[in-house]
Amino acid sequence: MHDLDPLILARLQFAFTISFHIIFPTISIGLALFLAIVEALWLKTGDLVYRQIYRFWLNIFAMSFGIGVVTGIVMSFQFGLTFAKFAQLAGPVIGPLIGYEALTAFFLEAGFLGIMLFGESRVGPKLHFFATCMVALGTTISTAWILAANSWMQTPAGVAWDHGRLIVTDWWRVIDNPSWSVRLPHMLLAAYLTAAFLVSGVSAWYLLRGRETTFARRTLSLGMAAACILIAAQVFVGDHVGTTLVKYQPAKLQAAEGWWDKTTPSPTPYLWIIVPDQAGQRNRFQMGTPYFGSIWLTRSLHGTIGGLRNTPVDQQPRMVLVFYSFKIMLALGMTMFTIAVISLWLRWHGRLYSARWFLRTLVVMTPSGVVATLGGWYMAEIGRQPFVITGMMRTADAVSPVPAATLLSTLIAFVCVYAVFFGAFLIFTLRLIRRGPVGLPPHALPSGSLKRDLRPEIAGVQPYLSGTE
Amino acid sequence: MKTRSRRTSALGFLAAVLTGLAGFLAFNVVDGVFGLVESILGLVVCIAITVFVVQRSPPPEEEPDA
């Protein structure tokens, strides 16, 4: 037990809990917007298929929301218990930001979530839609606060040292720090893309089995249309995140691109596979696409960039982890872009719902958003090392004086408890998907629409229709 | 007849390759390879093409089954 490093264990524990946590907010942020759009379409058109879609995805949203809240609370405690010195130093900055996030979550999300989940037959359709929109807004504002806190750790601003403590000199600069304005839309788009590929993948699964075709076609149509717009926006925003890194966190970008040289060869290839030797400050093996390093990183055919040797050795992140986290995110983003282009092609030719190879690809891509988001976060967090607050506090100085045995036992406990959480989530979600959406009323037309004069007679939809007829 | 179907499939293949190249170009334009203004324009064009294709393509219920 004496050989175990408390710093590594503390980092592992936090990495595990935050990796697990981020899966669920990512899904719920994306699904909240999807549900708001679907309910708006239902109110506008009165087409019952939209209500079917809403109800089906509401269950999965509620589960991911619940697990996201529970696992998020754990992390707040970890700041104090595992990284007490960080909490002591950065508490005046991070504390209020996380506090605002909690306030937003409680007042907007939790409050309106009750109406969203249980209010369908108790409130009018417009109020129910308003509740859905408030939940979607709440998740967005929560994201903004959390990203403000994390981005401040990446690119701190608006603070000053005062007798060994950090004091806030400008709250607006703390929130609108140099990376927040690009990382917030990057994360929101990641969440929306996650939802788009999640709903598209599940719909493709139904279509491959010839089940719930009306529901699945409509959902797939919505999901892929959204994915086409979102992935283009994500590529645009992602480029601006890279530009911010060049200016404020060059070491992270140097590690992400896999180059060690003070100046790379001209033209610079774009590296896809490397076997880095951190101690030797070189790559044992590397493979890339000629010219694309220059084109993508310098916007010229023969431009060069600086490698990780430009950063002092004691301030370098682990290249292998940063590089492959980034490449996984990038590769998945490029795959999403390709799928978006193909979906437009198939839609134009009337084969979006019948090209089985494409539907199978979508099923495989169902968790792609979650994996890409995890890749992005690993790059962001590991790339900031060895600092917990860039340039201000090292992670090694942030850890609480907790024995390694305690950290190891709590890590094992977290793994066990979260495995149960994750197992339960997967079992219930897969069961919901296998069961399928609740059927349409018998009066529904094949498209899901109801004859206008029949609508008020359909039990269960009366509350919705009373405000729209 | 056979010549016609071969020509149709060749044209389809060519169109697919051209779409792929257009997609690759779109990625690079939006990614900012050609500059900020071009990337903003590229993004707007991508959104416009999506809206156009979604509006002009047959509704989900009218396509043949998988």
Side-chain angles (χ1 to χ4, degrees), chain A residues 49 204 206-210 213-222 224-240 242-243 292 295-296 298-300 333-334 337-338 340-356 358-359 445-449, chain B:
Chain A
V49 176
Y206 283 130
L207 288 174
L208 282 169
R209 274 152 190 77
T213 47
T214 310
F215 163 89
R217 279 166 176 246
R218 197 73 63 83
T219 312
L220 181 61
S221 176
L222 282 172
M224 284 321 297
C228 289
I229 293 171
L230 292 169
I231 190 62
Q234 186 67 302
V235 170
F236 177 79
V237 173
D239 176 57
H240 289 274
T243 310
F292 271 82
I295 294 170
W296 280 344
T298 69
R299 315 303 190 210
S300 69
M334 292 173 105
F337 195 92
T338 309
V341 173
I342 294 170
S343 81
L344 284 179
W345 169 265
L346 290 173
R347 195 190 285 262
W348 184 251
H349 288 87
R351 290 172 51 213
L352 183 63
Y353 316 101
S354 56
R356 296 187 73 84
F358 182 72
L359 296 176
L445 294 172
S447 69
S449 303
Chain B
M1 200 71 174
K2 212 170 190 180
T3 318
R4 193 177 218 182
S5 76
R6 265 189 201 157
R7 190 180 295 163
T8 312
S9 62
L11 280 175
F13 178 74
L14 185 67
V17 170
L18 286 176
T19 307
L21 285 174
F24 183 72
L25 183 69
F27 179 87
N28 283 286
V29 171
V30 177
D31 193 36
V33 169
F34 300 101
L36 179 63
V37 177
E38 288 79 357
S39 70
I40 294 169
L41 282 174
L43 179 61
V44 173
V45 170
C46 281
I47 293 169
I49 289 173
T50 302
V51 172
F52 177 78
V53 171
V54 170
Q55 282 189 340
R56 292 297 177 94
S57 55
E61 292 78 22
E62 289 176 16
E63 275 194 28
D65 280 327

Apply side-chain contact (heavy atoms from CB on, under 4.5 Å) to A/Ile295 and list each qualifying residue two or more places apart in sequence or on a separate chain. A/Tyr291, A/Leu301, B/Val33
Quick check for you: to the nearest 0.5 Å, what is the distance between [X] atom [atom1] and [Y] atom [atom2]?
{"X": "A/Ile229", "Y": "B/Ile49", "atom1": "CD1", "atom2": "CD1", "value": "11.5 Å"}
{"X": "B/Cys46", "Y": "A/Leu230", "atom1": "SG", "atom2": "CG", "value": "12.0 Å"}
{"X": "A/Leu352", "Y": "B/Ser57", "atom1": "CG", "atom2": "OG", "value": "8.0 Å"}

For the pair B/Thr50 and A/Met224, evaluate side chain to side chain contact (heavy atoms under 4.5 Å, CB included) and give the outcome as yes or no after the intermediate values. CA-CA 10 Å; B/Thr50 302; A/Met224 284 321 297; over 6 Å; no
Given that the side chain runs from C-beta out, which part of B/Ala22 has a heavy atom under 4.5 Å from chain A: side chain, backbone, both or neither? neither
Name the region of B/Phe24, side chain, backbone, both or neither, that has any atom closer than 4.5 Å to a heavy atom of chain A.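 When you check distances to chain A, only side chain atoms of B/Phe24 fall under 4.5 Å.
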Given a strict heavy-atom distance threshold of 4.5 Å, which part of A/Phe358 is in contact with chain B: side chain, backbone, both, or neither? neither
Of the backbone (N, CA, C, O) and the side chain (C-beta and beyond), which part of A/Trp348 lies under 4.5 Å from a heavy atom of chain B, both, or neither? both
Please confirm whether the backbone N or O of B/Gly32 pairs with a side-chain atom of A/Arg299, one donor and one acceptor, at under 3.5 Å?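 Answer holds: yes.
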Heavy-atom check, side chain of A/Phe236 versus side chain of B/Ile40, under 4.5 Å: yes
Looking at chain A, which one of B/Ser39, B/Gly35, B/Gly42 has the largest number of heavy-atom pairs inside 4.5 Å, strictly under? B/Ser39
Among B/Val51, B/Leu43, B/Ile47, which residue has the highest count of heavy-atom pairs closer than 4.5 Å to chain A? B/Leu43
Distance-minimising heavy-atom pair for B/Ala15 and A/Trp345: CB-CH2, 3.3 Å
List for me each residue that meets salt bridge (Lys or Arg N to Asp or Glu O under 4.0 Å) alongside B/Asp31, sequence neighbours excluded, and say none if there are none. none
